[in-house]
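Heads up, the thing below is written out as structure tokens.
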Amino acid sequence: IPRVVHFDVVIPQCNASWYLALLGLAEHFRTSSPPKVRLCVHCLQAVLPRKPPARMEARTHLQLGSVLYHHTRNGDQARGHLEKAWLISQQIPQFEDVKFEAASLLSELYCQENSVDAAKPLLRKAIQISQQTPYWHCRLLFQLAQLHTLEKDLVSACDLLGVGAEYARVVGSEYTRALFLLSKGMLLLMERKLQEVHPLLTLCGQIVENWQGNPIQKESLRVFFLVLQVTHYLDAGQVKSVKPCLKQLQQCIQTISTLHDDEILPSNPADLFHWLPKEHMCVLVYLVTVMHSMQAGYLEKAQKYTDKALMQLEKLKMLDCRFRGSNLRPSPLLSKMHFLLQGLYCISVNCMDNAEAQFTTALRLTTHQELWAFIVTNLASVYIREGNRHQELYSLLERINPDHNFPVSSHCLRAAAFYIRGLFSFFQGRYNEAKRFLRETLKMSNAEDLNRLTACSLVLLGHIFYVLGNHRESNNMVVPAMQLASKIPDMSVQLWSSALLRDLNKACGNAMDAHEAAQMHQNFSQQLLQDHIEACSLPEHNLITWTDGPPPVQFQAQNGPTTSLASLL
């Protein structure tokens with residue numbers, strides 16, 4: 001949800017010199033480095049015993065509540081002052097800045113204290129009486145929509161954002177109308193309401209292109225729009241189709257980084273919003289680029305952009321104290337993602353029992369269809385490797401059948417499901433069936449540049465043709481697989497390909513080529529074994545046994561792997 005543009009509260013003219021003096025001292029102490037919060041509070045508290053006029057009293061309560069809320073842990077005192085500011089200001093005509101800022105801060109505090117039931121009616125009342133004040137009406141609508149989003153009531157949040165978009169249109173703010181609509185589009189993507197997303201994004205694109213205003217605001221709208229488009233494509237597994245949008249997004253963030261913030265405030269008060277600071281947008285673009293690189297199989301590129309994102313986050317930590325010293329607790333989303341990633345790690349180090357436990361835990365925690373399908377696909381690969389889990393495997397394969405009733409629309413996941421079926425058919429010796437599934441995988445993965453899936457399918461097809469004695473066709477599969485695996489690069493696929501090339505050339509009597517392939521295989525084996533040993537010796541490796549409760553506080557290192565690298569082939 002977009003944040004508001006910060007602006008200083010304007011102090012009304014007042015003949016009470018004592019009030020202005022105390023206020024000036026309070027501001028001096030508040031803006032000191034570091035802030036002298038106690039002295040600031042004392043100055044503001046000194047105003048109240050003098051029984052100031054209602055306007056002074058309400059504004060002072062607001063300032064005290066704001067300082068205590070932002071700079072101390074005195075929640076009870078902050079709440080008391082904000083409640084008084086809200087109560088008094090409602091009786092004063094033309095006092096919107098104090099009235100609605102008090103309501104906004106007070107609702108934030110209620111939510112922080114887990115009193116959401118108190119925050120909702122407060123915001124609703126403030127929204128109801130703020131319709132003649134466009135800036136505050138829009139800001140409060142955003143805030144209530146954010147509250148519903150945090151509660152996962154996306155339907156109510158979307159309804160509020162729709163109301164906000166229509167209100168912004170009526171008051172002549174196409175910029176803020178776009179912010180409301182893009183925020184609604186983001187939530188619709190989260191709800192998987194794709195039929196509603198397409199026309200909404202089309203409308204947003206038209207509004208963004210037609211709006212003429214502050215260049216930074218225009219470019220930020222374009223970034224918001226393109227991020228949604230790129231995410232939509234990636235969520236559908238369309239790695240190739242997304243490239244034009246991703247390129248536009250990367251060019252857009254380069255443009256916005258060269259623009260200087262314009263200090264001139266918009267003439268329409270409803271336009272006083274920003275989606276994200278430029279620095280945060282930069283991190284976001286890095287992250288969606290990482291997502292694209294991962295899906296395309298370019299792991300080194302993904303690592304490069306991950307490092308850039310982390311460096312940018314470190315800069316933000318140094319600049320913004322809100323990022324420092326925070327004690328984050330793992331959220332349910334982070335937990336399920338951790339178990340999923342831990343399961344993938346377990347596969348890479350050949351700890352199949354642990355992989356099964358991690359994926360099973362992740363399945364128990366997730367309700368997201370795409371994530372569920374991804375976990376099931378990987379769990380099926382574990383059962384295939386174990387070789388003795390036929391009943392469980394058949395049950396999983398029925399639930400991710402790509403030929404009919406596939407549970408998700410993701411192109412990438414459907415292609416992966418064909419690969420898993422091809423792998424299972426191969427291990428059962430049903431080679432014609434395996435070829436059919438793998439050719440379908442190749443067709444889908446080639447269409448969207450799913451490079452690792454393409455490479456794996458080519459190697460497996462090459463293996464099938466080798467078993468069937470068709471050496472020429474086997475060579476036609478494994479050579480491009482090795483080339484693609486080297487391009488990505490992917491050492492596991494290179495190891496697999498070099499083993500097949502070694503055996504294939506030996507069977508064809510090509511002694512020199514067989515020797516070269518054997519040497520490559522030996523080099524890849526040694527490198528992977530070294531990586532394997534280093535990974536398993538790290539204390540974090542022991543996380544593979546964590547499947548329940550809070551994460552372990554400390555990790556104990558253990559010796560290297562006890563399983564054979566040959567089982568990775």
Side-chain angles (χ1 to χ4, degrees), residues 223 226-254 279-316 333-334 336-349 358 362 370-371 374-375 377-378 381 410-413 415-416 419 444-457 481-497 524 527-528 531-532 534-535 538 540:
V223 170
L226 289 170
V227 164
L228 293 186
Q229 278 202 318
V230 169
T231 305
H232 186 29
Y233 275 116
L234 292 178
D235 199 34
Q238 296 176 316
V239 176
K240 185 176 182 179
S241 301
V242 77
K243 285 183 178 179
C245 288
L246 182 60
K247 186 175 181 180
Q248 288 182 54
L249 178 59
Q250 292 166 341
Q251 291 172 341
C252 191
I253 200 65
Q254 288 177 350
E279 298 79 8
H280 294 203
M281 282 190 269
C282 185
V283 174
L284 189 57
V285 174
Y286 283 144
L287 292 178
V288 295
T289 304
V290 169
M291 290 167 61
H292 178 263
S293 301
M294 290 289 288
Q295 284 201 28
Y298 295 122
L299 301 187
E300 287 188 351
K301 186 177 179 182
Q303 182 65 54
K304 181 182 76 172
Y305 281 102
T306 299
D307 292 340
K308 287 186 176 183
L310 290 173
M311 287 177 61
Q312 185 69 23
L313 286 171
E314 286 301 316
K315 291 179 182 177
L316 290 174
L333 174 61
L334 288 177
K336 71 182 74 170
M337 289 302 295
H338 170 83
F339 293 126
L340 166 60
L341 295 173
Q342 194 67 47
L344 296 174
Y345 167 77
C346 291
I347 291 179
S348 72
V349 293
Q358 295 289 337
E370 277 75 9
L371 189 58
F374 183 73
I375 297 168
T377 303
N378 283 281
S381 75
S410 171
H411 182 96
C412 181
L413 286 175
Y419 176 78
M444 296 186 70
S445 59
N446 278 330
E448 287 294 345
D449 289 348
L450 306 174
N451 293 313
R452 192 172 194 275
L453 203 50
T454 298
C456 288
S457 300
M482 174 61 88
Q483 293 171 344
L484 186 54
S486 301
K487 176 186 174 184
I488 297 175
D490 190 305
M491 198 173 294
S492 295
V493 180
Q494 288 174 296
L495 179 70
W496 188 7
S497 301
F524 293 137
Q527 183 60 57
L528 279 171
D531 292 345
H532 195 171
E534 290 178 6
L538 292 172
E540 290 83 1

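What you see below is based on every heavy atom in this structure, not just the backbone, and it leaves out hydrogens, waters and symmetry mates.
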How long is the straight-line distance from [atom2] of [Y] back to [atom1] of [X], given to the nearest 0.5 Å?
X	Y	atom1	atom2	result
Gln527	Met491	CD	CE	4.5 Å
Leu495	Met482	CG	CE	8.5 Å
Gln358	Ile347	CD	CD1	11.0 Å
Leu310	Lys315	CG	NZ	12.5 Å
Asn378	Leu344	CG	CG	5.0 Å
Ser381	Tyr419	OG	OH	9.0 Å

Do any side-chain atoms of residues 297-306 form donor-acceptor pairs under 3.5 angstrom with protein atoms, and if so which ones, sequence neighbours left out?
{"residue": "Tyr298", "atom": "OH", "partner": "Asn451", "partner atom": "ND2", "Å": "3.1"}
{"residue": "Gln303", "atom": "NE2", "partner": "Asp307", "partner atom": "OD1", "Å": "3.0"}
{"residue": "Thr306", "atom": "OG1", "partner": "Ala302", "partner atom": "O", "Å": "2.7"}

[X]: partners by side chain to side chain donor-acceptor pair (under 3.5 Å), with sequence neighbours left out:
X	result
Thr454	Ser445
Gln251	none
Gln250	Thr289

Counting only heavy atoms not in Met291, do more than 12 fall under 6.0 Å of its CE?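 Counting neighbours around CE of Met291, more than 12 heavy atoms of other residues, nucleotides or ligands fall under 6.0 Å, so yes.
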Is there a side-chain contact between Met444 and Leu453 in this structure, where contact means two heavy atoms from C-beta onward sitting under 4.5 Å apart?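 Sidechains of Leu453 and Met444: no contact.
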Decide yes or no for Val223 and Leu284: does some side-chain heavy atom of the first lie under 4.5 Å from some side-chain heavy atom of the second?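 Not in contact.
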Could you list the donor-acceptor pairs under 3.5 angstrom formed by side chains in residues 236-249, with sequence neighbours left out?
{"residue": "Ser241", "atom": "OG", "partner": "Glu448", "partner atom": "OE1", "Å": "3.4"}
{"residue": "Ser241", "atom": "OG", "partner": "Glu448", "partner atom": "OE2", "Å": "2.7"}
{"residue": "Lys243", "atom": "NZ", "partner": "Asp449", "partner atom": "OD2", "Å": "2.9"}

My understanding is that only residues two or more places apart in sequence, or in another chain, count here; which of them pass ring pair (Phe, Tyr, Trp, His ring centres under 6.0 Å) with His292?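 With neighbours one apart ignored, the set is empty.
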In chain order, what residues pass the ring pair (Phe, Tyr, Trp, His ring centres under 6.0 Å) check against Tyr345, with sequence neighbours excluded?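 Tyr345 satisfies ring pair (Phe, Tyr, Trp, His ring centres under 6.0 Å) with His541 once adjacent residues are dropped.
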Heavy-atom pair with the smallest gap, counting every atom of Ala362 and Leu340: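 For Ala362 and Leu340, the tightest heavy-atom pair comes out as CB-N, 4.0 Å.
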Please give me the minimum heavy-atom distance between Leu528 and Ser492, naming the atom from each residue.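 Scanning both residues completely, I find the closest heavy atoms to be CD1-CA, 4.1 Å.
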Output every pair passing salt bridge (Lys or Arg N to Asp or Glu O under 4.0 Å) with a member in residues 485-495, not counting sequence neighbours, ordered by first then second residue.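 Sorted result for residues 485-495: Arg452-Asp490.
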